[in-house]
Amino acid sequence: MLRNNELWIAIAIAVTSTIIARLPVLHWLVYPFELFNTFVHELGHGFATLLTGGKFDRFEVYSNGEGVAWTAGGIRWIVASAGYLSSALVGGALLILSARGISANRVTLIIGIALFVLCGLFVRNIFGIIVGILLAGAFIAASYKLALHLNEWLLLILGVQTILNALDSLWDLLRLSSYRRHVTSDALIMQQATGVPAILWALVWSGIALLILWQAIRFAYFRDI
């Protein structure tokens, strides 16, 4: 049975935040979510490196929403793919948690603590450290200060926004791969490593991200799954 109300709320949030993100005056409302997505993206590269036998040294997050991770070793195609796909996976997981009755207060607390610890371990630029601490503090404060239903809203908005940022980043990657082939990107790194054109990597990652999104929606909003 489809959970119509929650699904339509998620769609409304997605449409509204997409419009807000493109309005210069209101863009700052979604800016924290974009930075959160950058943390997820770079940590995805880092953990993929560690899980495939490499070394994760550090990462940085910049005010324009971009980031860079310093890694060594690991399975290169997995490491390069992990950034965009991690954002899709985390967004999908948050969407499921928000819809499946998991304690939102507990989830926001875990996110805050994890972000605080990981920021201390791996972030190495001033802006990234400050933003990481502020985001972590905001999640921890929300878990203690906000009522359960408000944390549920926060979790839903965070999940939707993380998925949107993942898809938006992949759209940017497709454009870069098509028209600005000299710009360094994960797809260009894979092209140099495998000989497969960057745009094909971008298309594959986009397809996988959309599949993750669809499966997350099915698992979150269909009770018979």
Side-chain angles (χ1 to χ4, degrees), residues 3 6-22 27 29-48 59 61 65-67 69 78 80-115 118-119 131-132 135-136 138-139 142-143 150-174 186 202-222 225:
R3 303 172 70 174
E6 292 182 23
L7 178 59
W8 284 113
I9 289 171
I11 292 172
I13 291 172
V15 172
T16 302
S17 60
T18 299
I19 294 171
I20 289 174
R22 282 153 178 78
H27 176 260
L29 290 173
V30 297
Y31 181 58
F33 297 104
E34 293 177 359
L35 294 175
F36 176 78
N37 180 68
T38 304
F39 276 89
V40 173
H41 181 108
E42 302 308 332
L43 285 168
H45 286 309
F47 286 128
F59 72 97
V61 174
E66 295 181 358
I78 294 178
S81 302
Y84 296 105
L85 299 185
S86 292
S87 295
L89 284 169
V90 169
L94 291 173
L95 203 66
I96 292 168
L97 290 174
S98 70
R100 285 289 176 163
I102 308 299
S103 173
N105 296 65
R106 186 175 300 174
V107 174
T108 52
L109 177 61
I110 291 172
I111 292 172
I113 293 173
L115 190 57
L118 293 170
C119 181
V131 169
L135 287 174
F139 284 121
S143 71
L150 293 177
N151 268 300
E152 289 173 346
W153 274 99
L154 174 60
L155 203 60
L156 176 59
I157 293 170
L158 184 64
V160 170
Q161 196 61 47
T162 302
I163 289 174
L164 287 176
N165 284 329
L167 296 176
D168 193 51
S169 296
L170 283 164
W171 171 246
D172 288 340
L173 181 63
L174 280 169
D186 294 335
L203 285 169
V204 168
W205 294 337
S206 297
I208 295 174
L210 288 171
L211 179 61
I212 291 171
L213 171 59
W214 170 240
Q215 291 301 322
I217 290 173
R218 290 183 67 237
F219 195 81
Y221 299 115
F222 288 85
I225 294 178

Taking the six-membered ring for Trp, are the ring centroids of F139 and F36 within less than 6.0 Å of each other?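 Yes: the rings meet the under 6.0 Å criterion.
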
Sequence neighbours excluded, which residues qualify as side-chain contact (heavy atoms from CB on, under 4.5 Å) partners of [X]?
{"X": "T16", "answer": "I20"}
{"X": "I212", "answer": "A88, L89, I208"}
{"X": "A138", "answer": "none"}
{"X": "L211", "answer": "Q215"}

Test of understanding: with side chain to side chain donor-acceptor pair (under 3.5 Å), list the residues that count as partners of [X], not counting sequence neighbours.
{"X": "E152", "answer": "none"}
{"X": "N165", "answer": "none"}
{"X": "T108", "answer": "N151"}
{"X": "S81", "answer": "W205"}

Side-chain heavy-atom pair L135, I111 within 4.5 angstrom cut-off: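 No. Closest side-chain heavy atoms not under 4.5 Å.
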
Any side-chain heavy-atom pair from L118 and F59 closer than 4.5 angstrom?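 They are not in side-chain contact.
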
Side chains of residues 153-163: which donor-acceptor pairs under 3.5 Å do they make with residues two or more places apart or in other chains?
residue, atom, partner, partner atom, Å
Q161, OE1, S17, OG, 3.2
T162, OG1, L158, O, 2.7

Point-to-point distance, once rounded to the nearest 0.5 Å, from [atom1] of [X] to [atom2] of [Y]:
{"X": "D186", "Y": "L85", "atom1": "CG", "atom2": "CG", "result": "10.0 Å"}
{"X": "S206", "Y": "L167", "atom1": "OG", "atom2": "CG", "result": "8.0 Å"}
{"X": "N105", "Y": "I110", "atom1": "CG", "atom2": "CD1", "result": "11.0 Å"}

Would the distance check show the side chain of T38 and the main-chain N or O of G65 forming a donor-acceptor pair, the cut-off being under 3.5 Å?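 Yes, T38 side chain to G65 backbone: donor-acceptor pair under 3.5 Å.
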
Step by step, would you call N37 with S87 a side chain to side chain donor-acceptor pair (under 3.5 Å)? CA-CA 6 Å; N37 180 68; S87 295; 2.8 Å; yes

One pair to check against side chain to side chain contact (heavy atoms under 4.5 Å, CB included): L164 and F33. What are the steps and the verdict? CA-CA 10 Å; L164 287 176; F33 297 104; over 6 Å; no

What are the two closest non-hydrogen atoms of A82 and A48, and how far apart are they?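 Scanning both residues completely, I find the closest heavy atoms to be CB-CB, 3.4 Å.
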
Residue list, ring pair (Phe, Tyr, Trp, His ring centres under 6.0 Å) with H41, at least two apart or on another chain: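 With sequence neighbours excluded, H41 shows a ring pair (Phe, Tyr, Trp, His ring centres under 6.0 Å) to H45, Y84, given in chain and number order.
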
